[in-house]
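Each chain gets a letter, A, B and so on, in the order its sequence line appears, and its residues count up from 1.
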Amino acid sequence: MNFEKPNQSSTLKKKKNLGLQTRISDKLISILGYSNRTIVQFVINLTKQTSSQIEFRKKLEQFEFSSKEISLFVQELFDEIPTTKKRKNYRKKEEHVEEEEESCSRSRQRRKVSSEDEESDEEARIACDKEEREKLEKSIRERDARKIAERKVKKVRCDVKDRKEMRKLRKISREEYLKDREKKKLEEMRDEIEDEKYLFGDGLKLSELENSKLRYMKDVYEIVKKKKGLEDVCDDEYKMPEVYDDQFGGVNQEKRFAAALQRYKEVESGAEQKSWEDQQIGNGSLKFGSQDVNRNGDDYEYLFEDQIEFVKASVMEGENEEDMFDESSDGFREKERVQKLQDERKTLPIYRFREDLLKAIHDHQVLIIVGETGSGKTTQITQYLHEAGYTKRGKIGCTQPRRVAAMSVASRVSKEMGVKLGNEVGYSIRFEDNTSEKTVIKYMTDGMLLREFLGEPDLASYSVLMVDEAHERTISTDVLFGLVKDIARFRSDLKLIISSASLDANKFSDYFDGAPIFRIPGRRFPIEIHYTKAPEADYMDAAIVTILQIHLTQPPGDILVFLTGQEEIEAAEELLRQRTRGMGTKIAELIICPIFANLPLELQNNIFEPTPKGARKVVLATNIAETSLTIDGISYVIDPGFCKMKSYSPRTGMESLLVTPVSKASALQRAGRSGRTGPGKCFRLYTAFNYQNDLEENTVPEIQRTNISNVVLTLKCLGIDDLMAFDFMDPPPAETLLKALELLYSLNALNSVGQLTKTGRRMAEFPLDPMLSKMIVASEKYKCSEEIISIAAMLSAGNLVFYRPKEKKVHADAAKMNFHTGNVGDHIALLKVYSSWEEHNYSTQWCFENFVQVKTMKQARDIRDQLKGLLERVEIELSSSFNDVESIKKAITSGFFPHFALLQRTGAYRTGRNPQTAHIHPSSGLAYVLPKCVIYHELVLTTKEYMRQITEVKPEWLVEIAPHYYQLKDLQDAVVKKRPRVKHT
DNA sequence: GAGCACTGC
C-alpha cells in the first residue's frame, strides 16, 4: 500500500508517522544489520521530506543500497501485513531483551558454580543486575508508552461516530503532529551537530559534501533556535540538565557522560572485591569511539550500543625480541652473502644452545625438542648435525607436514650452506623429488617418508631422523611415530628427534620411553589476551563489532579474524562493507582480505600486499592462517573459537564436516599469530571461563576421526600384522580399525587370516584410498586402465571440478550437463571432462568455457601422471576402451561394490550392508534420474545424508564381481518393483 | 535443489 501524505491520514496514521524514524532505525538494524551510527545519519536524511515509496527508493539509492536491499526495505516499511519472515524479525527484536536477561542469568549461574568466593559472586551479580535492570526498565518504559498511545487511538476511534467530528479530530491531531515533528526535527538536528562535533571533531578530515551538509544543518538550527528558543523544543521529553550545556549553547559531552562513567570509576577503585573473572584475569577493557584515534587517556569514552566489552586476561610472554631476518642481501657477492647468512644464523635463539643440543643428541637416542616457531630449529638442527659429522654415516631426514614448508626450508638451508638446492640439500614431495645421490640433508613431507618406508623398512640410509611440527598430529606423523619408535629399538645408531611447538611435550616424552626434553626459547613478542566479559550469542556479529572497535580505537596494525569457512567469510566481508560504507572518510581505510583454500591463487596473494600507510588490513581467514601460511604485520587476532572439523562414523562410513569449538592448543596457536613482528593482542570472543572449562586441551588427532583404511593397508604392507597391538600414540577407535580391515578383506587385499594378498600389495603402491586402488588394479581385467586412472585422478582431486558462479548458474549448469548426456553417471562424466580437456591440449580457455576449475584439473593431471607411472611398477598394461562404458563401469564397481545403494519407494536410497538412508546429492547428474541400483564414491552428512558421485550399475554385476559379498536373491528382493514418481524441474 | 576446514601420498 501507499504511504499516505500526512494531511490525508487518520489519527492512526499520524501515530505511525510519528514513530517513523524509530521504525526505520529498527528496520535497518534488523533487516540490514547496520550500526547505530550509520542509521542515525541515514534516517535523519531520509525522513526530511519523504512521503512516497518512490521518493524513499530514490533516497535509498543515493545511499548505494543494492536494489534487492531497497525492495526488501521499502516493502517492509510500507507493507502493513507482516510476512512470516518479517514477523520473525519483529519477534527477534522483541525477544532480544529477554534473551539478554537470560544470557546474563546464565553467565551468573556459571559464575556461581565456579566461584569459590561468595562475595565476589554477589558483586558480579549486582553489577550484572544493575546493567540489566536499566536496560529492561528502559524497554518496559518504551513498551508501556507505546501501549498507552495505542489505547488512546482506539478510544478516539470508538468514540467518534460522526464524520465531522472525525475531520475535526484529524485537524487537531495533524496540528499536534506537525508541532511535534518540528520539535523532533530540531532535536535531531541538534544531536546530529553535537555528535558530529564529538565523534568526528578534530583531526579527522571530512569530505566537502559532508562539510557542507554540516554547515547547512548548523545554519538552519541556529535560525530556528533564535526564533523559537531551544528550550521549548522538547519540554515533554527528557531534557539534558542545564549544567551540561556549555556557553555556546551546545552540550558539554564530558559532563554529559561523567555521571555514567563515575559508576565505573567507583566500581574500579572503591569496590573491595571484584567479580570472579575480574579477579582471575585483571580488569583491562576496550572501549569504542572514533576520537580515540587521536586522543589518549581521556576520562570518558563514547560507547556504541552494541559494543563488546573485553577483559584482558593474560600476557603470553615474548621470549626474544631481536630483529627478524633481513633477506635483502641481493647485492652481495656469493662469498659475502654466505658469510652474511652465517652471521645471521648466529643471531637465532637456538645458536646459544648449539653445543648443549649436540651433546644431548649424542647422549640420547631419542630427543624431544620443544621450540616456538622462529627459534630456528627447523633450519639449524640439521646443519649442526651435518657440521658435527652425522652425515658421514647416512642422510639426515627432516619431515614437514606441508609441501610448501619442505620446499622453502630446504631452499633456505641450501642458501645458508652455499650449495645448490638438490645437491647436498634437497627436498622430496609428491610429484617432485629434488634430491640427488649427493644429498645429505633431505627435507620431505611426512607422507613422503611414509612412502619411503615401503621401499626401505629400516631406513638404513638415514643416520638421523627429525619429525618436525609433531604437535600437528597428522595421520602420517602419528603413523611415523609408531614406525620410528619401532626401528629405533633395533637400530641403535639411528638418532631420533621429535620436534614440537606444543606445551605437552611430556606426552611425547612418555610415548618415547621417557626421552629427555630439550627446550629452546622462541622469537616471539608479548601478546595480550582479551576475553569477552559475557558470552556472545552471535560470534559473527561480535567479530564484526570487534573489528570496528579495534579499527577505531587501536594503534596501527593489521587484524586477522579466524572464521570457519568460505560462506562465513563471504558473509562477514559483506557485513563489514555495509557497516563501514556510511562512514566515508570519517574513518581510516579498512582493506578487507578474505582467504581460504578454495580462493583462486591470484586473489590469495592479495593478503601479502603490504598495507598502505594510514589504512588497516583485515584478513578474514579459515584455519589456513593457523598453520599453513604466515601473514606479516598482524598485530590483532580475533578468535571466535570455532573451526570446521571432519568426523567419521565407522558404522555407516559417513563423513561430516562440523563446526566445533577449537582446542586450547589451537586457540594458543591462533593467538600466537599476532606476535610475530611486534607485540600483539588477541581478542577471544568467549569468556575466560569458557576457555578454562569448555575447551578441550588438544585437538583430537586426525587418526581418531577419519577413515584409516589407507593407513591400514600401508601398515599391512610393512608387515605389521597385529594392528590392534601397533603402538599408536593415540590409537584409532577399534571400530574404525575393524571397518578398515573388513573393507580390505572384501576388496581381496587381505586374505582370511589378515595377510596381504598379491592384489593388496599392488593396491598399496597407489597413493589412493583402497577402493580407488582396487578399481585401478581391476581395470587390468576390463582393459580400460587409461580411463580408470583418469577417473581415479579426478575423484581424488576433489569435489571442486565444476565452477558455478552465482550470476551464471544457468550457463554453468548447462555446460555441466554436456558431460552427462545419456545419464552416464558422474564417474563417466568426470572421465569425459578429463578427456575433453586433454583433447583441447589442457587448455585453460577450455576450462573457462566449460565452467571447470583449472586448479583441480591441473592437480588431476599431476595425479594421473603419477598413477600412470605406478601402473608400470605393478605391471598393469595401459589399455583403453573409451567407448565400452560397461567395462569401465564394471571396473569401477570392482572397487566400489561395498558402496552400493538401492532405490526405495520413497525416492530415497538404502545403502550397503549397514543400511542407511541416503539421497543422491543435487550436484549429481543423476539427481533426478533416480536409477534403481547405484554405487557411490562417498557418503557425506551435510543437511541430509548425501551420496556424492553416483553411477548406475546392474545388480547382476555386483554378484558377478563380488560373489563373496552379494547374492542375487537379496539384491533382487531389495530392488523396488514400482518406481517412485520423479520430480521434474 | 545443495554447499566445500586444512593437509598429505
Side-chain angles (χ1 to χ4, degrees), chain A residues 399-406 428-433 444-454 469 472-480 562-571 595-599 621-629 642-647 655-660 662 666 669 699 701-703 705-706 710-711 713-714 717 764-770 772-773 792-793 796-804 806 809 813 853 855-856 859 862-863 866-867 869-870 919-925 927-928 938 940-948 983-985:
Chain A
T399 71
Q400 295 290 321
R402 275 168 296 280
R403 297 160 54 90
V404 197
S428 169
I429 57 179
R430 190 185 187 182
F431 310 131
E432 206 179 335
D433 184 2
M444 62 194 126
T445 47
D446 44 19
M448 206 66 203
L449 183 64
L450 208 53
R451 287 270 136 199
E452 272 188 28
F453 258 102
L454 289 174
E469 315 284 354
E472 286 193 27
R473 303 292 307 276
T474 65
I475 285 199
S476 308
T477 38
D478 267 24
V479 175
L480 279 178
F562 284 100
L563 296 169
T564 59
Q566 179 176 353
E567 207 182 350
E568 226 174 80
I569 288 172
E570 281 166 357
I595 179 137
F596 42 88
N598 286 338
L599 196 72
T622 57
N623 255 1
I624 196 171
E626 198 177 301
T627 46
S628 307
L629 50 90
F642 290 96
C643 67
K644 277 194 185 171
M645 195 149 42
K646 197 156 91 175
S647 59
E655 288 186 331
S656 50
L657 207 53
L658 298 171
V659 174
T660 356
V662 297
S666 179
Q669 174 77 19
T699 311
E702 201 184 352
I703 201 162
R705 51 185 171 84
T706 33
N710 193 19
V711 172
L713 182 62
T714 311
C717 205
E765 286 293 328
F766 297 96
L768 298 169
D769 267 352
L772 286 169
S773 316
S796 62
N799 289 317
L800 304 153
V801 176
F802 295 102
Y803 171 64
R804 197 174 182 238
K806 271 191 191 121
K809 272 184 193 171
D813 288 348
Q853 304 237 28
K855 214 160 120 185
T856 314
Q859 205 184 336
D862 283 339
I863 298 173
Q866 189 189 22
L867 295 179
L870 290 169
H919 308 263
I920 297 186
H921 196 274
S923 66
S924 164
Y928 304 105
E938 58 181 355
V940 291
L941 178 71
T942 50
T943 50
K944 268 193 208 167
E945 296 84 0
Y946 281 114
M947 302 177 286
R948 274 203 204 126
K983 275 186 283 175
H984 291 285
T985 47

Whether the side chain of Glu702(A) engages the backbone of Ile475(A) through a donor-acceptor N/O pair (distance < 3.5 Å, no angle test) should be reported. yes
Between the CG atom in Asp446(A) and the CZ atom in Arg451(A), the distance rounded to the nearest 0.5 Å is 12.5 Å
Closest to the 5' end of DNA chain B, once Met645(A) and Gln866(A) are matched to their nearest nucleotides, is Met645(A)
From the set dC6(B), dG1(B), dC9(B), return the single nucleotide nearest to any side-chain atom of Asp813(A). dG1(B)
When you check the phosphate oxygens OP1 and OP2 of dT7(B), does a side-chain N or O of Arg473(A) lie under 4.0 Å from one of them? no
Of the non-hydrogen atoms in Pro767(A) and Arg430(A), which two are nearest, and what is the gap between them? CG-NH2, 3.7 Å
From the candidates dG1(B), dG8(B), dA5(B), the one with an atom nearest any side-chain atom of Thr445(A) is dG8(B)
Mind calculating the distance between OH (Tyr946(A)) and C1' (dG1(B)) to the nearest angstrom? 7 Å
Spacing between Ile569(A) atom CD1 and dA5(B) atom P, to the nearest angstrom: 8 Å
Nucleotide of dC9(B), dC4(B), dC6(B) approaching Arg430(A) most closely (side-chain heavy atoms): dC9(B)
Mind calculating the distance between CZ (Phe766(A)) and C1' (dG8(B)) to the nearest angstrom? 18 Å
Using whole Å, what does the distance between atom P of nucleotide dA5(B) and atom CD of Glu702(A) come to? 16 Å
What does Ile624(A) touch in the nucleic acid at a heavy-atom separation under 4.0 angstrom: a base, only the sugar-phosphate, or nothing? sugar-phosphate
Name the closest nucleotide to the Ser923(A) side chain, picking from dA5(B), dA2(B), dG8(B). dA2(B)
d(NZ, Lys644(A); C1', dC6(B)) in whole Å: 12 Å
When we call it a touch if two heavy atoms are under 4.0 Å apart, what does Ile429(A) touch: a base, just sugar-phosphate, or nothing? sugar-phosphate
In whole angstrom, what separates Glu655(A)'s CD from dT7(B)'s P? 17 Å
Return the nearest nucleotide to the side chain of Ser628(A); candidates are dC6(B), dA5(B), dG8(B). dC6(B)
For Gln400(A) and dC6(B), give me the distance from atom CD to atom P, rounded to whole Å. 20 Å
Between CG of Leu657(A) and P of dA2(B) the distance, given in whole Å, is 18 Å
Shortest side-chain distance from Arg403(A), nucleotide among dA2(B), dG8(B), dA5(B): dG8(B)
Which pair of non-hydrogen atoms, one from Leu658(A) and one from Ser647(A), has the smallest distance, and what is that distance? CD1-OG, 4.0 Å
Counting heavy atoms from C-beta on, name the nucleotide in dG1(B), dA5(B), dC9(B) closest to the side chain of Pro767(A). dC9(B)
Side-chain ion pair, Arg402(A) and Glu472(A), N-O less than 4.0 Å: yes
Taking C-beta and beyond as the side chain, do Pro770(A) and Asn710(A) meet within less than 4.5 Å on heavy atoms? yes
Ranking dC4(B), dC6(B), dG1(B) by distance to the side chain of Phe596(A), first place goes to dC6(B)
Closest nucleotide among dA2(B), dC9(B), dA5(B) to the Thr943(A) side chain: dA2(B)
